[in-house]
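To start, the structure under review is shown below, and the notes come after it.
What you see below is based on every heavy atom in this structure, not just the backbone, and it leaves out hydrogens, waters and symmetry mates.
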Protein chains: 2
Amino acid sequence: MSVTDFEQRRKEILGLIIEAYVLSASPVGSELVSKKLRSSLSSATIRNIMVELEKSGYLEQPHTSAGRVPTDRGYRFYVDAVMDTAHLSPDELRQIEVLIQPPELDVEQLLQRASGVLAGLTEQAAFAVSPTVKQRTVKQIELMPLGVRKILCVLVANEEMIASHVVEIEEPMSRDEAAALGRFLNTELAGLAFSELLNSLERRMLAESDSFYHLVKRSLGILQHALSSEPNDRLYLEGASYVVAQPEFSRHPRKAHELLKGLDNEQTLLERIRQDIAPEGVQVRIGREVQLPGLEECSYLTAPCAIGEEIVGGLGVLGPKRMSYRRMRALVEGMARCVTNLLTQWDTR
Amino acid sequence: MSVTDFEQRRKEILGLIIEAYVLSASPVGSELVSKKLRSSLSSATIRNIMVELEKSGYLEQPHTSAGRVPTDRGYRFYVDAVMDTAHLSPDELRQIEVLIQPPELDVEQLLQRASGVLAGLTEQAAFAVSPTVKQRTVKQIELMPLGVRKILCVLVANEEMIASHVVEIEEPMSRDEAAALGRFLNTELAGLAFSELLNSLERRMLAESDSFYHLVKRSLGILQHALSSEPNDRLYLEGASYVVAQPEFSRHPRKAHELLKGLDNEQTLLERIRQDIAPEGVQVRIGREVQLPGLEECSYLTAPCAIGEEIVGGLGVLGPKRMSYRRMRALVEGMARCVTNLLTQWDTR
DNA sequence: AATTAGCACTCATCAATATAGAGTGCTAAC
DNA sequence: GTTAGCACTCTATATTGATGAGTGCTAATT
């Protein structure tokens with residue numbers, strides 16, 4: 001038997017152990033593996049291999065004379081090198097699209113639905129992070145005076161992504177002035193990324209001392225405020241109850257409590273998840289890799305959502321380390337694809 | 001000893017039992033009550049009174065030879081007729097105002113902070129319902145074409161409450177047309193409640209066949225859409241982990257799971273809570289009165305938040321039935337007062 | 001050299017049992 | 001109307017022993 005065959009067999013057995021453990025939530029013994037294995041090997045042989053897998057750090061024993069349980073490293077190896085990739089069928093994708101389609105063209109509603117449906121499908125906690133208008137390019141900017149010293153600044157990235165902010169200003173501004181300023185901004189700034197807006201205006205202020213100086217200065221003040229806060233920067237999270245119901249947590253109330261405390265921390269979660277949203281597709285974080293307080297016993301998967309080529313947000317699933325990574329990956333990928341499809345459709349309509 | 005003295009003593013004992021139970025979470029025996037009672041009565045006498053209180057339905061025994069535990073009815077009586085009212089000191093109120101003040105004039109952010117701070121102070125789950133623009137009166141309406149067949153409709157109730165919706169329309173509309181329509185709407189509809197808007201327009205359509213007919217018709221179509229969905233209609237909920245950590249739930253994982261499932265149901269919760277927000281002030285719902293699936297073992301308190309005299313939202317606290325209603329009422333009332341203060345300040349600034 | 005049967009050993013789990021003590025209701029005395 | 005005293009009930013906790021799943025090791029087998 002060649003070395004690679006050897007390796008292959010170890011992988012297969014690790015896979016079987018993990019899959020059995022995912023279902024049963026209790027340590028897996030050599031007998032069971034022996035039965036499930038295609039090539040018939042006795043439990044004794046399996047035991048020998050299990051010892052090797054334990055030495056490699058993929059498995060561990062809760063105590064002498066219990067079966068084996070995967071370690072973080074075991075799961076990681078399984079995800080990277082053992083499990084095969086599944087995809088949802090076109091039919092399932094269509095069904096999901098129907099489920100998440102909101103009655104209106106509204107990104108927030110879409111994401112809320114997506115996280116809800118994803119939680120239901122996976123029976124885990126599911127999340128979606130709303131894209132910030134900042135990441136997108138300017139389509140239109142409108143200014144509208146409210147009262148004397150307040151101005152409503154509406155930033156339009158595209159039809160579905162709109163941010164409006166009330167900005168307090170020093171000098172009063174009339175309706176006509178606002179309209180003029182709006183026209184100025186729209187001709188000068190359309191097509192820029194919102195993130196470059198301020199830089200661009202600042203550069204102009206330094207360079208030219210032209211007739212627009214006053215306009216530029218006022219715009220800068222207003223846009224600085226409007227872009228500084230983004231209340232829509234939100235994490236939709238649903239289905240925490242599924243996770244707490246898992247034996248890992250329901251048997252250890254303290255852990256459940258810590259998990260929920262961790263999930264209450266919307267901002268921390270959001271930042272961490274944002275980091276993982278990458279164009280490469282589905283990302284997996286396992287156990288201690290999660291690096292979020294209270295979520296050491298959890299794993300999560302993320303996938304990016306895009307409008308066309310531009311990544312504008314993401315979604316994913318969070319559950320106990322003991323989850324079916326194969327199925328979760330398929331579902332997260334499928335859901336992200338559906339959201340991306342819908343957003344892109346909306347955008348080009 | 002007169003009848004009212006008699007009644008008074010029963011109340012005092014019920015109060016002691018409830019307060020002890022709130023702290024200890026375990027059935028309260030006659031010995032303990034006897035010790036805590038000011039007028040010294042032996043445990044035997046207390047037992048007799050406890051039997052009466054049990055007959056009245058205020059107490060029950062988990063089993064023979066355990067102490068007593070309050071029933072829903074017992075809590076209700078305690079809240080209505082036994083406990084005294086506490087209020088936060090002006091100093092505490094000021095501290096809270098500082099804590100919840102957001103960096104910007106934004107109702108949503110204010111409510112989010114309020115629910116977070118309230119959860120921290122009460123160590124229970126706390127919630128806040130965002131006011132819908134529908135409940136307020138029209139200050140300004142702006143229409144802004146986006147692309148060919150879409151129009152952005154901005155509804156301004158006051159500086160801090162703004163709702164914007166993208167509406168798809170049949171016939172294209174130019175910038176000028178939109179501006180004209182906007183002017184029409186602002187002159188005709190300002191001061192009306194948003195909820196009356198549609199009715200008012202419909203009446204006009206039937207009555208007059210005047211030169212404005214076309215304008216009215218178009219407005220109606222747009223506003224119908226814009227008002228039909230209210231994505232800001234949201235419930236902020238924080239601190240569920242506190243509740244799950246209470247022995248009522250941490251000792252019974254199934255109950256904890258059901259609680260969390262109940263809390264996941266944002267819409268149902270929101271509707272139920274809205275019903276309870278009354279101008280009279282703090283409302284209390286206890287146990288089965290809650291009438292929300294999965295929350296039979298909980299109680300909640302709500303208080304209205306207003307801008308001036310007009311109630312625009314509310315907030316409250318949710319926890320196990322075994323909570324310090326006295327302290328919760330003070331905190332909920334105080335927090336509502338702070339939010340009301342801030343909103344009213346903003347509005348009149 | 002790899003595999004396997006056989007076996008002694010370990011340890012968690014579960015049910016059965018005993019024990020302690022908290023709290024009751026009742027009765028009779030104050 | 002109040003209270004001391006007491007028998008009684010029932011939970012909570014600890015103890016014990018039996019069960020069995022699963023292991024590691026050794027020696028036999030292929």
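- Side-chain atoms of B:E92 come within 3.5 Å of backbone atoms of B:S89 as a donor-acceptor pair (strictly under, hydrogens ignored).
- Checked by atom type and distance alone, the side chain of A:D276 never pairs as donor or acceptor with a backbone atom of A:Q283 at under 3.5 Å.
- In this structure, B:Q61 reaches the sugar-phosphate backbone alone: every heavy-atom distance under 4.0 Å involves primed, P, OP1 or OP2 atoms, never a base.
- In this structure, the side chain of B:S56 does not engage the main chain of B:Y58 through any donor-acceptor pair within 3.5 Å.
- OP1 or OP2 of C:dT4 has at least one side-chain nitrogen or oxygen of A:T45 nearer than 4.0 Å.
- OP1 or OP2 of D:dT23 sits under 4.0 Å from a side-chain N or O of A:R68.
- B:K35 has its NZ atom 9 Å from the P atom of C:dG23, to the nearest Å.
- Here B:S30 lies in heavy-atom contact (under 4.0 Å) with sugar-phosphate atoms only.
- Between the side chain of B:R76 and the backbone N or O of B:V284 there is at least one donor-acceptor pair closer than 3.5 Å.
- The A:V51 side chain lies nearest to D:dG24 when the options are D:dT3, D:dG24, C:dT4.
- Taking 4.0 angstrom as the limit, A:R47 places none of its side-chain polar atoms (N or O) nearer than this to OP1 or OP2 of C:dG6.
- For the pair A:M50 CE and D:dC25 P, the interatomic distance rounds to 15 Å; values are reported in whole Å.
- Rounded to an integer number of Å, the gap from CG of A:L41 to C1' of D:dT30 is 14 Å.
- Although no hydrogens or angles enter the test, the distance criterion places no donor-acceptor pair under 3.5 Å between the side chain of B:R68 and the main chain of B:Q61.
- One can place CD of A:E54 at 7 Å from P of D:dG24, the figure rounded to the nearest angstrom.
- Aromatic pair A:F127/A:Y236: ring centres not closer than 6.0 Å.
- Two end axes, each from the C1' atoms of five base pairs, can be drawn for the helix from C:dA1-D:dT30 to C:dC30-D:dG1; they diverge by 30°, to 10 degrees.
- Using modelled atom types, no side-chain atom of A:E238 and backbone atom of A:A119 make a donor-acceptor pair closer than 3.5 Å.
- Across the protein-nucleic acid pair, B:I13 atom CD1 and D:dT2 atom C1' stand 13 Å apart, rounded to whole Å.
- Rounded to whole Å, the distance from CD1 on B:I46 to P on C:dG25 is 13 Å.
- As rounded to whole Å, 10 Å separates atom C1' of D:dC25 from atom CG of A:N48.
- For B:L32 and C:dG21, the CG to C1' distance is 16 Å, given to the nearest whole Å.
- Panel note: side chain B:R285, backbone B:S299; no donor-acceptor pair is recorded below 3.5 Å.
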Pairs under 3.5 angstrom, nitrogen or oxygen only, protein versus nucleotides 11-17 of chain C, please.
| unit_1 | atom_1 | unit_2 | atom_2 | d |
| --- | --- | --- | --- | --- |
| C:dC11 | OP1 | A:T64 | OG1 | 3.3 |

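- With hydrogens and angles ignored, the 3.5 Å screen pairs no side-chain donor or acceptor of A:S30 with any backbone N or O of A:I46.
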